[in-house]
There are 2 protein chains.
Amino acid sequence: MKSRKQPAAKNTGHTQRGQCVKRVSIVEAAAEVFCREGFSGASIDEIAAEACVSRQTIYNHYREKETLFVAVVEEVMSRANARLFSILSTFPDSDDNLEDDLTAFAVSLTRNCICNQDGKFLRKLVQSEGERYPHLFETWRQHGPGKTGTALAALFSRLAHKGALQIDDFDLAARQFLALINADLQIISLFGEALTDEQLESSSRAAVQTFLRAYGKPATRRSQLALEEANL
Amino acid sequence: MKSRKQPAAKNTGHTQRGQCVKRVSIVEAAAEVFCREGFSGASIDEIAAEACVSRQTIYNHYREKETLFVAVVEEVMSRANARLFSILSTFPDSDDNLEDDLTAFAVSLTRNCICNQDGKFLRKLVQSEGERYPHLFETWRQHGPGKTGTALAALFSRLAHKGALQIDDFDLAARQFLALINADLQIISLFGEALTDEQLESSSRAAVQTFLRAYGKPATRRSQLALEEANL
DNA sequence: GACGGATTAGACAATGGTGTCTAATTTTAC
DNA sequence: GTAAAATTAGACACCATTGTCTAATCCGTC
């Protein structure tokens, strides 16, 4: 309450950056350890050691373990959110090769939001502690998958408007797109195995191809059909 | 080692059933508590209380907490497996209404293997403790999603052979089918909210429809296409 | 009813974690 | 250089949990 965020307004430059360094190093380490051990399995001592910081410093910044946990989740969530919007904003406007564009989009979504450390943290922690912190869980739902879904739905709506996609229910299509993207990863990414760029690329492309067979514009789907029948 | 499974061969009937009752009540309670609290958050006392059993009895059956945990995972996994195969074996042979058949299949898969207590337990626990018990994690991969995927792929191969589906890669199609089934549930089921029969039915149908637009037999997809173009 | 295995409650030491406190030390601002 | 703020190590009380032990009790079998 007193002076945790801005201990003294006179502090400038170094001190503030110094504090910041401690803070991020604490949050970083805490994310690691919480993710590895779960909330109750993670000890403050372990976090302090991993952050190269004394235990007391942690208690100075965050009153108790729970405060730290919530702060970590919020930090990781906002980082993930920023990345998501950065990716969305770079989706190309041209529609001459939708499959490639969507594949590249899926790859970068996977790499930066789903398969990285933050994505793993959020999946694991929200899953294991979500019931204990309903508020947190709700925030995650709305700012995490919720926002992703909404943003994706908007993108699809734009593409459908241009005639590149044929979609009834944009939200449903968004959820299914995300699900398809994850289809191959669910099993692997839980474990934390890093997958090669080739695996990532090919699994994303497979997802996009299936998505386009279901939601691509009629002309594309018709020629796809003709091709498949010829192959018989 | 000595006499944990069958304490004395002379015991018959009641005693044996008595033991069994204790064992299943312990495993049942442990599943509950482990699922709710995670491995390190779950205390033996809590499990004992929920099982209406003394703490010592638990230590008699399972040498230590870890032993109990592994036993619970194995038990839950084998139950889930049994259910899966029971569902698979009832898939109808007639192919006059594939969409309805697949939808019913998806509904029952979801209800009995994914959204029930066992499914939740496996998702949560394997996710949070998988890295601590690689052996367990491997077993889950092969006997859980692995087996489901293989079995599904076999089903699809059968259907493709009959001309009802048009699939290149059966394993991929199986993973994507499972992913689509889960698309709407991921968010809800984490939380443990029970979803209504209507939600379940409609979300399963949506998944199946998308799947069939991508993998349905050409004739169906062509008429689907014509219908959509007429709707414009 | 008596035996024997299973179960029970309760006490117990050992361990490890949380959160507080203090006194010493370092870092930063001026 | 000095003062204020931040950080540190270490000790501390407190509490929960694990796993063991014991003596009493239950319950089916003979």
Side-chain angles (χ1 to χ4, degrees), chain A residues 1-27 29-30 33-34 36-72 129 132, chain B residues 1-27 29-30 33-34 36-72 129 132:
Chain A
M1 266 284 192
K2 269 184 297 195
S3 60
R4 274 193 297 131
K5 209 113 195 188
Q6 288 292 85
K10 48 171 81 168
N11 275 347
T12 61
H14 277 127
T15 301
Q16 208 158 23
R17 206 183 96 240
Q19 271 215 352
C20 201
V21 167
K22 292 283 179 201
R23 271 191 115 86
V24 324
S25 115
I26 290 171
V27 168
V33 178
F34 278 138
R36 195 170 57 233
E37 314 280 348
F39 178 77
S40 40
S43 88
I44 300 284
D45 283 334
E46 203 175 343
I47 295 172
E50 193 140 331
C52 298
V53 141
S54 111
R55 178 174 62 249
Q56 189 56 35
T57 305
I58 294 183
Y59 281 111
N60 286 343
H61 287 279
Y62 307 94
R63 195 160 25 77
E64 52 188 2
K65 195 180 174 184
E66 210 172 292
T67 318
L68 172 60
F69 178 67
V70 172
V72 171
E129 316 298 340
R132 202 183 307 280
Chain B
M1 269 280 193
K2 267 184 297 195
S3 60
R4 273 193 297 131
K5 211 111 195 190
Q6 289 291 84
K10 50 171 79 171
N11 276 347
T12 62
H14 277 126
T15 301
Q16 205 157 25
R17 207 183 95 240
Q19 271 217 351
C20 201
V21 166
K22 292 284 177 199
R23 270 191 116 87
V24 322
S25 117
I26 290 172
V27 169
V33 178
F34 278 137
R36 193 169 61 233
E37 314 279 348
F39 177 76
S40 40
S43 87
I44 299 284
D45 283 334
E46 203 175 342
I47 295 172
E50 192 140 332
C52 299
V53 140
S54 114
R55 178 175 62 252
Q56 189 56 36
T57 304
I58 295 183
Y59 281 109
N60 285 343
H61 286 279
Y62 307 94
R63 196 161 24 78
E64 52 187 2
K65 196 180 174 182
E66 211 172 292
T67 318
L68 172 60
F69 178 68
V70 172
V72 171
E129 316 296 340
R132 203 183 305 282

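These figures come from a predicted structure and were not determined experimentally.
Formation of a donor-acceptor pair under 3.5 Å by the A:K65 side chain with backbone atoms of A:A42 is found in this model. A side-chain donor-acceptor contact under 3.5 Å links B:E129 to the backbone of B:F39.
The stretch residues 37-44 of chain B touches DNA chain D through B:A42, B:S43, B:I44, each having a heavy atom within less than 4.0 Å of the strand.
At a threshold of 4.5 Å between non-hydrogen side-chain atoms, the residues A:Q56 and A:N60 count as touching. B:Y59 is listed as a side-chain neighbour of B:R55, based on a closest heavy-atom distance under 4.5 Å. The side-chain heavy atoms of A:V72 and A:Y62, taken from C-beta on, include no pair separated by under 4.5 Å. Between A:V53 and A:I47 the shortest side-chain heavy-atom distance does not fall below 4.5 Å.
The structure places CZ of A:R23 at 11.5 Å from CD1 of A:I58, a figure rounded to the nearest 0.5 Å. Distance check: B:C52 SG to B:I26 CD1 gives 11.0 Å after rounding to the nearest 0.5 Å. Within the model, atoms NE2 of A:H61 and CG of A:L68 stand 11.0 Å from one another, a figure rounded to the nearest 0.5 Å.
Set against D:dG19, C:dG19, D:dT7, the side chain of B:E64 has D:dG19 as its closest nucleotide.
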Output one line per pair: protein atom, nucleotide atom from nucleotides 13-15 of chain C, and distance, for all N/O pairs under 3.5 Å.
none

Any protein N or O atoms within reach of nucleotides 20-22 of chain D? Criterion: under 3.5 Å, listing atom names and distances.
{"from": "D:dC21", "atom 1": "N4", "to": "B:Q56", "atom 2": "OE1", "distance (Å)": "2.6"}

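Proximity of A:K22 to the phosphate of D:dT8: a side-chain N or O atom is located under 4.0 Å from OP1 or OP2. Contact annotation: A:T57 side-chain N/O to D:dT8 OP1/OP2 distance is under 4.0 Å.
Under a cutoff of 6.0 Å and an axis angle of 45°, A:R132 and A:F69 do not form a cation-pi pair.
Remark: P of D:dT17 and CD of B:E66 are 18 Å apart, rounded to the nearest angstrom. At whole-Å resolution of the value, CG in B:D45 and P in D:dT18 are 7 Å apart. We find that NE2 of B:H61 is positioned 16 Å from P of D:dG19, with the value rounded to whole Å. One interatomic measurement links the two molecules: CD1 of A:I58 to P of D:dT8, which rounds to 9 Å at whole-angstrom precision. One interatomic measurement links the two molecules: CD1 of B:I47 to P of D:dT17, which rounds to 11 Å at whole-angstrom precision. In this structure, CD of A:E46 is placed 13 Å from P of C:dG16, rounded to the nearest angstrom. If you measure from atom NZ of B:K65 to atom P of D:dT17, you get 9 Å, rounded to the nearest angstrom.
Under a 4.0 Å N-O distance rule, the pair A:R36/A:E50 qualifies as a salt bridge.
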